[in-house]
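For the numbers below, each heavy atom of this structure counts, side chains included, while hydrogens, waters and symmetry mates do not. Read the numbers this way: they start at 1 and go in the same order the structure lists the ligands and their atoms. Quick caveat: nothing in here was measured; it's all calculated off a predicted structure.
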Amino acid sequence: MKICSAIAETHNQIITWQQQKCKIALIPTMGNLHAGHLSLIKQAQQYADRIAVTIFVNPLQFTNTIDLQLYPRTFEQDCDKLKQANVDLLFFPCEQTIYPHGQTNHCIVSDPLLSKIHCGASRPGHFDGVATIIVKLFNILPTQIAIFGEKDYQQLLIIRRVVQDLQIPIEIISAPIIRESDGLAMSSRNQYLNAQERKIAPLLYQTLNNIKNEIERGNNNFAKLALQQQQLLATAGFKPDYINICERQTLQIASAKDKNLIILAAAYLGKARLIDNIQCNI
Ligand code: AMP
């Protein structure tokens, strides 16, 4: 596996592969890799001849300095996992390389609608930071496809929208959520949970399943349903941020006539902010 931290070297490698007619897949990450990330690589290998992974803890998408400082950085272990997974290129830039003029003077890519709702309402600026780094990575590593997890469903839709609106020639492929055996969605932030919190954490996914089952049984009082389940989470020790039953393509709050739904949830448990979602068809 080739490891590059400079933009020109990384870009040239991608262009060389393009000239050799290779199909290349890009997988952006913030490192601290787990089975969820590795599943994206496996999926990418079905579509592409070359796999490029990026590791960059993007300060622009953090709305809290302590969260940024505490974010787990495990470069050596990540490299071992990427080599074992037969990744071809790792782009691992430093902050100065990505934001040479600092973050505040940098141009921003922003989806005016999707970036302001759900997680965007609680974390103002977060999705602008995400959209901006992703566009930069698409330019540095001009691959034919990029893979993103459905775990971050709102992020996935924002990236699709940015690619469409800015005419970026890349195909976005989504990958299903990988979970622990008890249902908890894998996340680098799960390690912030203490033993007691870890035991109750799967309740978030159970709550999503309860809502899905209720909807499939015919309950279409979505607002009441979401509120009731949010209260149950609070009783169990979570600090729910939101549970929203949405139309799956627009992420607007669903009405009873919508057929393709997604239930989005975010809740604090101790120091961890957990997010999860489940799709539901009626
Ligand atoms: P992150 O390192 O958290 O920025 O995530 C990098 C990519 O991995 C994003 O596309 C995430 O949606 C995806 N991802 C993170 N956790 C999971 C998971 N449990 N299952 C599937 N994809 C995931």
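- With respect to atom 5 (O) of ligand 1, the closest heavy atom belonging to the protein is His37 NE2, 3.4 Å.
- Taking atom 16 (N) of ligand 1 as the reference point, the nearest protein heavy-atom neighbour is His34 CE1, 3.3 Å.
- With respect to atom 4 (O) of ligand 1, the closest heavy atom belonging to the protein is Met30 CG, 3.6 Å.
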Given the rule in the side chain to side chain contact (heavy atoms under 4.5 Å, CB included) test, do Met186 and Lys151 qualify, once you have shown the distances and angles that lead to the verdict? CA-CA 9 Å; Met186 288 191 181; Lys151 158 91 178 6; over 6 Å; no

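- A salt bridge does not link Lys21 to Asp49: none of the charged nitrogens lies less than 4.0 Å from a carboxylate oxygen.
- Of all heavy-atom pairs spanning Ala175 and Leu40, the tightest one is CB-CD1, 3.6 Å.
- The shortest non-hydrogen separation linking His37 to Ser188 is CE1-OG, 4.0 Å.
- To the nearest 0.5 angstrom, Ile243 atom CD1 is 10.5 Å from Gln228 atom CD.
- Residue contacts with ligand 1 for Arg179 are absent, since no atom lies close enough (heavy atoms, distance under 4.0 Å).
- If you check the side chains of Asn32 and Gln191, you find a donor sitting under 3.5 Å from an acceptor.
- The aromatic rings of Phe148 and Phe138 sit perpendicular to each other, their planes meeting at more than 60°, with 30° as the lower class boundary.
- Shown in contact with Ile177 at under 4.0 Å from a heavy atom are these atoms of ligand 1, numbered in order with element: 20 (N), 21 (C).
- Contact atoms of ligand 1 toward Asp152: 11 (C), 12 (O) (distance under 4.0 Å to a heavy atom of the residue).
- The closest side-chain heavy-atom distance from Gln252 to Ile117 is below 4.5 Å.
- Using a 4.0 Å cutoff on heavy atoms, Ala35 does not count as a contact of ligand 1.
- Using the six-membered ring where Trp is involved, Phe75 and Phe92 have ring planes that are parallel, under 30° apart on the 30 and 60° scheme.
- Partners of Gln61 under the side-chain hydrogen bond (donor to acceptor under 3.5 Å, both in side chains) rule, at least two apart in sequence or in another chain, are Asn58.
- In terms of N/O distances under 3.5 Å, ligand 1 is approached by Ile178.
- At under 3.5 Å, a nitrogen or oxygen of Gly149, whether backbone or side chain, sits near a nitrogen or oxygen of ligand 1.
- Looking from atom 22 (N) of ligand 1 to the surrounding protein, the closest heavy atom is Leu40 CD1, 3.5 Å.
- For ligand 1, the atoms closer than 4.0 angstrom to any heavy atom of Pro28 are 6 (C), 7 (C).
- Among protein heavy atoms, the minimum distance from atom 21 (C) of ligand 1 is reached at Pro176 O, 3.3 Å.
- Nearest protein heavy-atom contact of atom 23 (C) of ligand 1 is Lys151 CB, 4.0 Å.
- Listed by atom number, the atoms of ligand 1 under 4.0 Å from Phe148 heavy atoms are 10 (O).
- Checked by distance only, ligand 1 and Met186 come closer than 3.5 Å through their nitrogen or oxygen atoms.
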